[in-house]
Number of protein chains: 2
Amino acid sequence: MQISAKADYAVRVMLELAAHGPDVVKSTILIDHQDLPRKFVETILVDLRRADLVRSHRGADGGYTLARPASAISIGQIVRAIDGPLAEVRGLRPHECEYTNAAEHLAEVWVAARAALRKVLDETSLAHVLNGKLPVHVRRMAGSPEAWLPR
Amino acid sequence: MQISAKADYAVRVMLELAAHGPDVVKSTILIDHQDLPRKFVETILVDLRRADLVRSHRGADGGYTLARPASAISIGQIVRAIDGPLAEVRGLRPHECEYTNAAEHLAEVWVAARAALRKVLDETSLAHVLNGKLPVHVRRMAGSPEAWLPR
DNA sequence: GTTTTTCCCTATCGGGGTAATAGGGATTGA
DNA sequence: TCAATCCCTATTACCCCGATAGGGAAAAAC
Ligand code: FES
Ligand code: FES
């Protein structure tokens, strides 16, 4: 799972947006509060609008708002909008992989890995992250001390 | 989760090796049985040896064997040896990410996602995949029909 | 209706990784 | 000796990533 800088920035910007409830917020405020490269993130915001995750408002006193309530936008949706599919093998979706001989059951492993990812990223919303109350099964995953150790 | 062609080939080659039990097998046989690009996979095999996942035997009648029993080598180990860490955010390990303000709890999400990946890839061995008997929790993941649908 | 503010578009850049091939050198067992 | 096999070092083409530059378009405020 390679989360690009672009996707990471996208999530953070949307979290800042969520923190402002329904208000319109200027891009420069979001960017400054997260300390991100301005010009780069401006292009990300346009991508997010095209993906219908945020709405833009032009002109003086313009800015951005979430396209839907924070509880209805998952981290997975944001990552997918920016980075593409959550899981790919050789550029193919896991379920499209076809294997023969000794590798016959390999696709099942990739599909299981993707399903595991989905259970975390698609069931965690901006609202969950914002107030720190993650879903129980996610919290249990991150709760184990060994989850924080490298391998 | 981006599994590169290199890592995919590595796993498939090692599955073929596992199918031959303790025997020494020539690279060309492994490569032909999985229909892979010869010269490319030759370099992968060298990487696998350096990672101590296979042992090589030179000279006439040479070839490769697994460094350990197939039940003691996980898919995760192979992927890590070839592609590097299972999960990275902006080139950093998930537990190294530091966030402020509205993003304060974001690292927990990345860590949970990595933990979910580990539970699948680190607890599934070559032997499991070879005989199609995956661990129960992995099988349950891949068993759900919706796990095979794109999003 | 002008001004100001903000978003928005296109182009560009360097660097680095990915997939793959080429060609031959080093080792070892037969 | 000899032949098979692994092994090493380029080199290639290509694309993506992170980031910046510079200005154009829209829309609200006044
Ligand atoms: S709280 Fe307003 S942008 Fe951070
Ligand atoms: S079964 Fe021998 S390499 Fe495929």
Side-chain angles (χ1 to χ4, degrees), chain A residues 1-13 17 20 23-32 34-67 79 81-85 88-92, chain B residues 1-13 17 20 23-32 34-67 79 81-85 88-92:
Chain A
M1 182 191 53
Q2 299 287 101
I3 303 294
S4 68
K6 209 167 170 177
D8 181 62
Y9 297 167
V11 173
R12 288 160 69 181
V13 157
L17 260 187
H20 282 258
D23 297 358
V24 175
V25 189
K26 302 191 210 311
S27 68
T28 104
I29 296 194
L30 303 171
I31 289 167
D32 288 352
Q34 283 294 318
D35 194 30
L36 303 175
R38 177 157 301 120
K39 277 303 206 175
F40 190 33
V41 173
E42 278 181 12
T43 69
I44 296 173
L45 281 164
V46 174
D47 290 341
L48 290 174
R49 178 184 53 85
R50 292 209 183 103
D52 199 38
L53 288 170
V54 304
R55 297 212 193 295
S56 67
H57 306 265
R58 301 225 246 190
D61 241 21
Y64 291 93
T65 57
L66 293 182
V79 171
I82 301 296
D83 278 353
E88 282 187 334
V89 180
R90 262 174 53 220
L92 295 173
Chain B
M1 181 191 53
Q2 299 285 101
I3 303 294
S4 67
K6 208 167 170 176
D8 181 62
Y9 297 167
V11 172
R12 287 159 70 181
V13 158
L17 261 186
H20 282 258
D23 298 358
V24 174
V25 189
K26 302 190 211 313
S27 68
T28 103
I29 297 194
L30 303 170
I31 289 166
D32 288 352
Q34 283 293 320
D35 194 30
L36 303 175
R38 177 156 302 120
K39 278 301 206 176
F40 190 33
V41 174
E42 277 181 13
T43 69
I44 296 173
L45 281 163
V46 174
D47 290 341
L48 289 174
R49 179 185 53 84
R50 291 209 184 102
D52 198 39
L53 287 170
V54 304
R55 296 215 192 293
S56 66
H57 307 264
R58 300 226 248 190
D61 241 22
Y64 291 93
T65 59
L66 293 181
V79 171
I82 301 295
D83 277 355
E88 280 187 336
V89 180
R90 265 173 52 218
L92 295 173

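Values reported hereafter were calculated over all heavy atoms of this structure, with side chains retained and with hydrogens, waters and symmetry mates removed.
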Nucleotide nearest R58(A) when distance is taken to its side chain, options dA19(D), dA27(D), dC6(D): dA27(D)
For residues L17(B) and Y64(B), determine if any side-chain heavy atom of one lies less than 4.5 Å from a side-chain heavy atom of the other. yes
How far does CZ of R49(B) sit from CG of L53(B), to the nearest 0.5 angstrom? 12.0 Å
The reported gap from CZ in F40(B) to CG in L45(B) (rounded to nearest 0.5 angstrom) is 11.5 Å
Is there a donor-acceptor pair closer than 3.5 Å between any side-chain N or O of D83(A) and the backbone N or O of I3(A)? no
Can a side chain N or O of Y64(B) be found less than 4.0 Å away from OP1 or OP2 on dT5(D)? no
Once you round it to whole Å, what is the distance between P of dA27(D) and CG of D61(A)? 15 Å
Note, I82(A) side chain near D47(A) side chain (heavy atom, < 4.5 Å): yes
If you pin S56(B) and Y9(A) to their nearest nucleotides in DNA chain D, which one's is more 5'? S56(B)
CD1/I31(A) to NZ/K39(A) distance, rounded to the nearest 0.5 angstrom? 10.0 Å
If you define the side chain from C-beta out and look only at heavy atoms, does anything of K26(B) sit under 4.5 Å from D61(B)? yes
To the nearest angstrom, the NE2-C1' distance between H57(B) and dC7(D) comes to 15 Å
Mind checking the OG-CZ spacing from S4(A) to R90(B)? Nearest 0.5 Å is all I need. 10.5 Å
Roughly, in whole Å, what's the span from CD in Q2(A) to C1' in dC17(D)? 12 Å
In numerical order, the residues of residues 41-53 of chain A whose heavy atoms come under 4.0 Å of DNA chain C are E42(A), V46(A), R49(A), R50(A)
From CD of E88(B) across to C1' of dC17(D) the rounded distance in Å is 14 Å
Of all nucleotides in DNA chain C with an atom under 4.0 Å from a non-hydrogen atom of chain B, which is the first and which the last going 5' to 3'? dA19(C) to dT28(C)
Provide, to the nearest angstrom, the distance between the NZ atom belonging to K26(B) and the C1' atom belonging to dC6(D). 11 Å
OG1/T43(B) to NZ/K6(B) distance, rounded to the nearest 0.5 angstrom? 5.5 Å
I need the CD1-P distance between I82(A) and dC16(D), as an integer number of Å. 16 Å
Need to verify one output field. Residue with the more 5' nearest nucleotide on DNA chain D, S4(A) or G62(B)? G62(B)
Please work out if S27(B) contacts a base, only the sugar-phosphate, or nothing of the nucleic acid, heavy-atom cut-off 4.0 Å. sugar-phosphate
Find the distance F40(B):CZ to dC7(D):P and express it as a whole number of Å. 17 Å
Considering heavy-atom distances to DNA chain C, does G59(A) or K39(A) have its closest nucleotide positioned more toward the 5' end? G59(A)
